[in-house]
Amino acid sequence: MNFRSFEEFWPFYVTQHSKPATRRWHFLGTLTSIICLLYSMFFNWWLLFFVPLFGYGFAWYSHFFVERNVPATFSHPFWSLLCDFKMFGLMLTGQMDREIKRLGKRPVLQGF
């Protein structure tokens with residue numbers, strides 16, 4: 001798929017993260033990456049290696065085993081990264097469900 005702008009890509013990105021567990025794994029990966037980045041900047045630079053490992057590791061796990069789709073990172077790496085930070089911010093402020101509804105998507109309920 002070709003997207004001409006971030007605004008076009010964002011609704012597609014949200015559809016690729018329809019399950020709450022997928023979004024939680026992304027949140028955990030982004031949070032862990034941020035903490036690791038900050039720690040490495042102040043204490044130990046070799047930990048920078050783990051920043052993308054945690055961020056992509058948790059996210060890709062959720063796509064392969066929870067959402068069962070291909071990560072958008074493979075086809076649109078830059079926009080996916082930006083969307084991940086946007087989703088992280090919306091989840092942090094409790095606004096992600098409202099954003100899903102605004103885009104006409106309903107969160108998928110999971111039975112676990």
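- Of all the heavy atoms in Thr15 and Glu67, the pair that sits closest is O-OE2, 4.3 Å.
- Within a 6.0 Å radius of CG in Asn2, no more than 12 heavy atoms belonging to other residues, nucleotides or ligands are found.
- Closest approach of Ala21 and Val66 over heavy atoms only: CB-CG1, 3.7 Å.
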Self-check item: Residue pair Lys19, Asn69: steps toward the side-chain contact (heavy atoms from CB on, under 4.5 Å) verdict
Solution: CA-CA 11 Å; Lys19 296 181 179 179; Asn69 63 12; over 6 Å; no

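- Side chains of Val14 and Met96 form a contact here, defined as non-hydrogen atoms less than 4.5 Å apart.
- A distance of 12.5 Å separates CZ of Phe65 from OG1 of Thr22, quoted to the nearest 0.5 Å.
- Counting non-hydrogen atoms of other residues, nucleotides and ligands closer than 6.0 Å to CZ of Phe74 gives a total above 12.
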Quiz item: side-chain contact (heavy atoms from CB on, under 4.5 Å) between Phe12 and Cys83: does it pass, once the steps are laid out?
Solution: CA-CA 10 Å; Phe12 168 75; Cys83 286; over 6 Å; no

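- The aromatic ring centres of Phe58 and Trp25 sit less than 6.0 Å apart.
- Residue Phe85 holds its CZ atom at 13.5 Å from CG of Leu90, rounded to the nearest 0.5 Å.
- Side-chain atoms of Ser40 never come within 3.5 Å of backbone atoms of Leu47 as a donor-acceptor pair (strictly under, hydrogens ignored).
- When all heavy atoms of Gly55 and Ser33 are compared, the pair lying nearest together is N-OG, 2.9 Å.
- In this structure the side chain of Phe50 never reaches within 4.5 angstrom of the side chain of Thr32, judged on heavy atoms.
- When every heavy atom of Trp79 is checked against every heavy atom of Ser5, the shortest pair comes out as CH2-N, 3.4 Å.
- In this structure, Met91 CE and His17 NE2 are separated by 10.0 Å, a value rounded to the nearest 0.5 Å.
- Once rounded to the nearest 0.5 Å, the distance linking CG of Leu48 with SG of Cys36 reads 7.5 Å.
- With sequence neighbours excluded, no residue forms a salt bridge (charged side-chain N to carboxylate O under 4.0 Å, His left out) with Arg68.
- Side-chain contact, Ser62 with His26: a donor N or O sits under 3.5 Å from an acceptor N or O.
- Annotation: side chain of Leu81 is not in contact with side chain of Thr73 (no heavy-atom distance under 4.5 Å).
- The shortest distance between side-chain heavy atoms of Tyr61 and Tyr56 does not fall below 4.5 Å.
- In this structure, the side chain of Gln16 does not engage the main chain of Pro71 through any donor-acceptor pair within 3.5 Å.
- Taking CZ from Phe54 and CG from Leu31, the interatomic distance works out to 11.5 Å, rounded to the nearest 0.5 Å.
- Under the 4.5 Å side-chain criterion, counting only non-hydrogen atoms from C-beta, Glu99 is not in contact with Met87.
- When each of Tyr13, Phe9, Trp10 is tested with His76 by the rule ring-ring contact (aromatic ring centres under 6.0 Å, His included), just one qualifies, namely Phe9.
- Residue Ile35 holds its CD1 atom at 11.0 Å from OG1 of Thr30, rounded to the nearest 0.5 Å.
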